[in-house]
Amino acid sequence: MRGERTVAGPAERADAARAERADAARADAARIARLSTRCRLVLLEMIHRAGSGHAGSSLSCTDIIGVLKFDQMDRRADRSAGDVFVLSKGHAAPAWYAALIVDGDLPAEEVGTLRALDSRLQGHPDRTRLGLVDVSTGALGQGLSVAVGRALARRLHGRDSTVYCLLGDGECQEGQVWEAFLYAGAHRVPGLVAIIDHNGGQSDGAVADILPLRPLPDKLRAFGWHVDEVDGHDHGALRDVLRRRDRERPSVIVAHTRKGRLGPDRVLLGGSHSDLPSAAEYAAAVDYLETLLERDS
């Protein structure tokens, strides 16, 4: 009859709910992408002003850290109860410091103190200087072992929190890393998420040339871990795999990335591991990133 309203049925309501969730997920991914671009600007300023630092290695994991810091991790004031972040590839510390500054946990004035004497922002994370660092790292290959221990301690104390460990692919050539993978898989350690920044490069060249890891996902599955592979620069995809991880055993994400990535069509210094950009290269990178922010605002 004229004037009657059509009432949506169960299928239509379900479709509408799915569409609403998809829109919200896209909005969240876009928000994290903007914040990650701001992190890139901050970390590059840090390294430029310090005159040293691993720009390429920091840029490859900026999106991973962005998803963790701005979406996934519970970083409550009571550090004994919240989630734990272990940056095993400690030379990428500028990416973590930048996320802390962008999120308001550190004052912006500290951007000029990277690697300075007595600074809280050392070249590798130092928990004795900065309380926002959960684990001091820098000696490659040790972070996952510490993360396993922290996850076990949380289980013993009945804490429902997660330990996240970000590794480089180069350090996955070390035996201690595989001992930790073996132990955690065999004991089905819950509340543990490892993310491998698989950018394909290390200090002396390409990982595939120095000591290949392939087939990396198959090896990790054989060690008893839940394994996902993802584009490490796709904020939505990273968010999805983190949310659907196996909560009854350890999970590892192989995140395929590009060393030195600034954005979809730009890589700094050809993906160098630790080269410093010149003043002109730094200015060009800043201009590119600011253009991205203006486009996406």
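Note: hydrogens, waters and symmetry copies are ignored here, and every other heavy atom, side chains too, is used. Predicted model only: the values in this text are computed from it and were never measured.
With hydrogens and angles disregarded, no donor-acceptor distance shorter than 3.5 Å links the side chain of Ser251 to the backbone of Arg247. Side-chain atoms of Trp96 come within 3.5 Å of backbone atoms of Leu132 as a donor-acceptor pair (strictly under, hydrogens ignored). A distance-only check finds no donor-acceptor pair linking the side chain of Thr113 to the backbone of Ala116 [under 3.5 Å]. For the pair Ser88 (side chain) and Gly143 (backbone), a donor-acceptor distance under 3.5 Å is present. Remark: the backbone N or O of Asp275 is paired with a side-chain donor or acceptor of Ser272 at under 3.5 angstrom. Side-chain N or O atoms of Gln122 include none that pairs as donor or acceptor with a backbone N or O of Arg115 at under 3.5 Å. Proximity of a side-chain donor or acceptor of His157 to a complementary backbone N or O of Ala153 within less than 3.5 Å is detected.
Between Arg75 and Asp134 a salt bridge is recorded (basic side-chain N to carboxylate O distance below 4.0 Å). Of the charged side-chain nitrogens involved, none lies within less than 4.0 Å of a carboxylate oxygen, so that Arg243 and Asp240 do not count as a salt-bridged pair.
Both Val133 and Val111 are members of a single hydrophobic cluster when ILVMFWY side chains are connected at heavy-atom separations under 4.5 Å. In the hydrophobic clustering of this structure, Leu59 groups with Val42; members are Ile, Leu, Val, Met, Phe, Trp, Tyr whose side-chain heavy atoms approach within less than 4.5 Å, directly or through other members. Transitive grouping of hydrophobic side chains (ILVMFWY, heavy atoms separated by less than 4.5 Å) keeps Val252 and Val230 in distinct clusters. Following chains of ILVMFWY side-chain contacts shorter than 4.5 Å, one can reach Leu121 starting from Leu166, so the two form part of one hydrophobic cluster. One hydrophobic cluster holds both Ile47 and Leu289 under the rule that ILVMFWY side chains link at heavy-atom gaps under 4.5 Å.
Atom CG of Leu41 is separated from atom OG of Ser36 by 11.5 Å, given to the nearest 0.5 angstrom. For the atom pair Arg40 CZ and Leu35 CG, the distance stands at 12.0 Å (nearest 0.5 Å). With rounding to the nearest 0.5 Å, the separation of CZ in Arg159 from CZ in Arg150 is 9.5 Å. Summarising the geometry, atom CG belonging to Asp197 is positioned 5.5 Å from atom SG belonging to Cys61; distances are rounded to the nearest 0.5 Å. With rounding to the nearest 0.5 Å, the separation of OG in Ser136 from CZ in Arg129 is 10.0 Å. Rounding to the nearest 0.5 Å gives a distance of 13.0 Å between CZ of Arg155 and CG of Asp160.
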Inset, instruction - Apply the test side-chain contact (heavy atoms from CB on, under 4.5 Å) to residues Trp178 and Leu144: give CA-CA distance (whole Å), side-chain angles for both, the deciding distance (0.1 Å), then the verdict. - result: CA-CA 9 Å; Trp178 290 97; Leu144 185 60; over 6 Å; no
Inset, instruction - Could you give me the CA-CA distance, side-chain angles and deciding distance for Val86 and Thr137, then say whether side-chain contact (heavy atoms from CB on, under 4.5 Å) is met? - result: CA-CA 8 Å; Val86 181; Thr137 57; 4.2 Å; yes
Inset, instruction - Go through the steps to decide whether Asp265 and Tyr288 satisfy the test side chain to side chain donor-acceptor pair (under 3.5 Å), and finish with yes or no. - result: CA-CA 10 Å; Asp265 56 354; Tyr288 171 80; 2.6 Å; yes
Legend entry - Audit row: Asp228, His226, side chain to side chain donor-acceptor pair (under 3.5 Å) steps and yes/no: CA-CA 7 Å; Asp228 283 298; His226 172 85; 3.0 Å; yes
Inset, instruction - Run the numbers on Arg31 and Asp71 for side-chain contact (heavy atoms from CB on, under 4.5 Å), then give the verdict. - result: CA-CA 10 Å; Arg31 173 184 61 85; Asp71 186 75; 3.7 Å; yes
Inset, instruction - Apply side-chain contact (heavy atoms from CB on, under 4.5 Å) to the pair Leu130 and Leu106, showing each step before the final yes or no. - result: CA-CA 10 Å; Leu130 181 62; Leu106 285 177; 3.8 Å; yes
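Residues Leu68 and Leu242 meet the side-chain proximity criterion, which asks for heavy atoms closer than 4.5 Å. Looking at Val177 and Leu167, their side chains come closer than 4.5 Å, going by heavy atoms from C-beta outward. A 4.5 Å side-chain heavy-atom check between Glu248 and Pro190 finds every atom pair outside the cut-off. Within the 4.5 Å cutoff, the side chain of Ile101 has heavy atoms near those of the Met46 side chain. Between Leu152 and Tyr183 the shortest side-chain heavy-atom distance falls below 4.5 Å. With a 4.5 Å cut-off on side-chain heavy atoms, Gln173 and Val207 count as touching. At a threshold of 4.5 Å between non-hydrogen side-chain atoms, the residues Ser60 and Lys89 count as touching. Using a 4.5 Å heavy-atom threshold, the side chains of Leu220 and Val254 count as touching.
With His233 as reference, Asp63 is the one residue of Thr257, Thr62, Asp63 to meet the side chain to side chain donor-acceptor pair (under 3.5 Å) rule.
Partners of Tyr164 by ring-ring contact (aromatic ring centres under 6.0 Å, His included), not counting sequence neighbours: none found. His273 pairs by the ring-ring contact (aromatic ring centres under 6.0 Å, His included) definition with His54, His91, not counting sequence neighbours. For Thr162, the side chain to side chain donor-acceptor pair (under 3.5 Å) criterion is met by Arg245, not counting sequence neighbours. With sequence neighbours excluded, no residue forms a ring-ring contact (aromatic ring centres under 6.0 Å, His included) with Phe70. Every residue meeting the salt bridge (Lys or Arg N to Asp or Glu O under 4.0 Å) condition with Lys69, not counting sequence neighbours, appears here in chain and number order: Asp103, Asp105.
For residues 166-180, there are no salt bridge (Lys or Arg N to Asp or Glu O under 4.0 Å) pairs, not counting sequence neighbours.
Here the closest heavy-atom approach between residue Leu262 and residue Leu292 is recorded as O-CD1, 4.1 Å. Nearest heavy-atom pair, Leu44 versus Ala285, reported as atom, atom and distance to 0.1 Å: CD1-CB, 4.0 Å. Val135 approaches Arg127 most closely through the heavy-atom pair CA-CD, 4.1 Å. Contact between Leu114 and Ser52 at its shortest, heavy atoms only, is CD2-O, 4.2 Å. Ile64 approaches Gly232 most closely through the heavy-atom pair CG1-O, 3.8 Å. The shortest heavy-atom contact between Val267 and Arg258 is CG2-CZ, 3.3 Å.
Between the side chains of Lys259 and Ser57, at least one donor N or O sits under 3.5 Å from an acceptor N or O. A donor-acceptor contact closer than 3.5 angstrom is absent between the side chains of Asp231 and His256. Defined by atom type and a distance below 3.5 Å, a donor-acceptor pair is present between the side-chain atoms of Glu281 and Ser278.
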